[in-house]
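All ligand and atom numbering here is 1-based and tracks the order in the structure. Numbers here are sequence positions counted from 1.
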Amino acid sequence: MNKTSNAKRRQLVVGNWKMNGNQQLNAELLAKVVAGWQGEHQAEVVVCPPSPYLLPAFEKISGSSIMLGAQNLSQYDSGAYTGEVSAQMLAELHCKFVIIGHNERRRLQGETDEQVAQKFMAAQRASLIPILCVGESSAQREQGRHLDVIGAQLKAVCSQVGCDVFANAVVAYEPVWAVGTGKTATPQQAEEVHRFIRSQLGEVAETVRILYGGSVKASNAEQLFAIPDIDGALLGGASLDADEFLKICKAAD
Ligand code: 13P
């Protein structure tokens, strides 16, 4: 697929498996994905398995162009943080990317904008590429506050270290009401937010990849990818089905 307006940015498709899978299912899924994604591609593809499966997943994708990402990390580099995983540990397990501030962690684990910003910086200290998730709840959208909420989520990072750090980062717009619900943002809604996000990223804005996430499927991917400020997708459910995942990767390619 050709998009002349953003020739500087390679399309990126990221599969967030969340807390799904097991050794056998993961092996089957990755065998199909690797077989279907041979050779050179314009689009980049990343899979983000649960942490215990990072190394076996890496072994399955090695030799292909598919890259590895993690779903979360600690904001601390090391120490007495039982159950946490550091950025350096993820880098050692061959992760290139890490999802930061997913709405499930903000809502269910109470992660604040400040903690998310600290995790963003921890990732970059270990040369991981943070995928910063931002997005509004349905109540915030109904109140017309969606851009304010997303602006604050971005500012939490920019105000601490400046927006230039986004030169080595990815942003994912995931409206909370669209995640796992089957509801997708309309092209107009996505376009408004993606343009807004880019307007908040300072001098590096034109180079930053901004993904859309929330009930992306093979049937709606083409339409979303045709929007100039959408540079790929962050997938949940669709990344657990090899055929569906590959169709979306190909739509981005
Ligand atoms: P779904 O694609 O299942 O809606 O999930 C999106 C998501 O949360 C990816 O991080």
Side-chain angles (χ1 to χ4, degrees), residues 11-21 25-26 29 33 43-51 53-54 57 66-73 90 95-111 116 119-120 123 128-138 140-141 146 149-150 153-154 169-187 189-190 193-194 197 209-225 227 230-252:
Q11 300 283 298
L12 176 65
V13 178
V14 181
N16 173 10
W17 293 3
K18 308 193 179 183
M19 200 174 71
N20 291 296
L25 285 174
N26 300 350
L29 174 60
V33 170
E44 292 188 318
V45 172
V46 177
V47 289
C48 302
S51 333
Y53 300 128
L54 286 168
I66 299 167
M67 292 176 283
L68 194 64
Q71 299 176 16
N72 179 41
L73 85 175
L90 297 176
C95 288
K96 294 246 181 314
F97 293 81
V98 58
I99 298 170
I100 310 269
H102 192 280
N103 80 74
E104 285 151 15
R105 296 205 57 85
R106 292 178 188 265
R107 286 186 299 116
L108 305 175
Q109 267 75 34
E111 283 187 10
V116 171
K119 290 183 176 209
F120 184 104
L128 295 174
I129 300 173
I131 302 172
L132 175 69
C133 298
V134 298
E136 80 287 0
S137 66
S138 59
Q140 289 163 335
R141 178 163 279 275
H146 52 291
V149 169
I150 294 163
Q153 290 168 337
L154 294 169
V170 172
V171 180
Y173 170 50
E174 294 206 319
V176 178
W177 46 270
V179 169
T181 59
K183 288 187 206 160
T184 317
T186 64
Q189 288 171 325
V193 174
H194 279 244
I197 292 172
R209 290 185 287 187
I210 307 175
L211 313 183
Y212 173 79
S215 299
V216 178
K217 303 183 260 315
S219 57
N220 58 22
E222 287 264 3
Q223 192 185 24
L224 288 162
F225 294 160
I227 297 171
I230 294 189
D231 305 312
L234 179 54
L235 309 171
S239 67
L240 298 172
D241 177 321
D243 292 337
E244 189 77 3
F245 185 60
L246 283 165
K247 279 186 197 157
I248 298 169
C249 296
K250 283 171 189 161

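Residue Gly236 places at least one N or O, backbone or side chain, under 3.5 Å from an N or O of ligand 1. Where the criterion is an N or O separation shorter than 3.5 Å, residue side chain and backbone included, Leu234 fails it with respect to ligand 1. Residue Ser215 has at least one nitrogen or oxygen atom sitting less than 3.5 Å from a nitrogen or oxygen atom of ligand 1, judged on distance alone.
Side-chain contact annotation: Glu174 with His102, donor-acceptor N/O pair under 3.5 Å present.
Below 4.0 Å from some heavy atom of Asn16 lie the following atoms of ligand 1, by number and element: 9 (C), 10 (O). If you number the atoms of ligand 1 from 1 as listed, the ones under 4.0 Å from a heavy atom of Gly237 come out as 1 (P), 2 (O), 3 (O). When each atom of ligand 1 is checked for a heavy atom of Glu174 under 4.0 Å away, the hits are 6 (C), 7 (C), 8 (O), 9 (C), 10 (O).
Residue-level proximity to ligand 1 for Ala178 is carried by the backbone, the only part with a heavy atom below 4.0 angstrom. Residue Leu235 touches ligand 1 through its backbone alone, judged by heavy-atom distances below 4.0 Å.
With a 4.5 Å cut-off on side-chain heavy atoms, Thr181 and Ser215 count as touching. The side-chain heavy atoms of Leu90 and Leu68, taken from C-beta on, include no pair separated by under 4.5 Å. At a threshold of 4.5 Å between non-hydrogen side-chain atoms, the residues Tyr212 and Thr184 count as touching.
Contact between Phe245 and Ser239 at its shortest, heavy atoms only, is CD1-CA, 3.7 Å.
Residue contacts with ligand 1 leave out Ala238, since none of its heavy atoms falls under 4.0 Å from the ligand. Residue contact check for ligand 1: Lys217 places no non-hydrogen atom closer than 4.0 Å to it.
When atom types are taken as modelled, the side chain of Asn220 and the backbone of Lys217 share a donor-acceptor pair closer than 3.5 angstrom.
Shown are Leu234, Ile100, Asn103; of these, the side chain to side chain contact (heavy atoms under 4.5 Å, CB included) with Cys133 is made only by Leu234.
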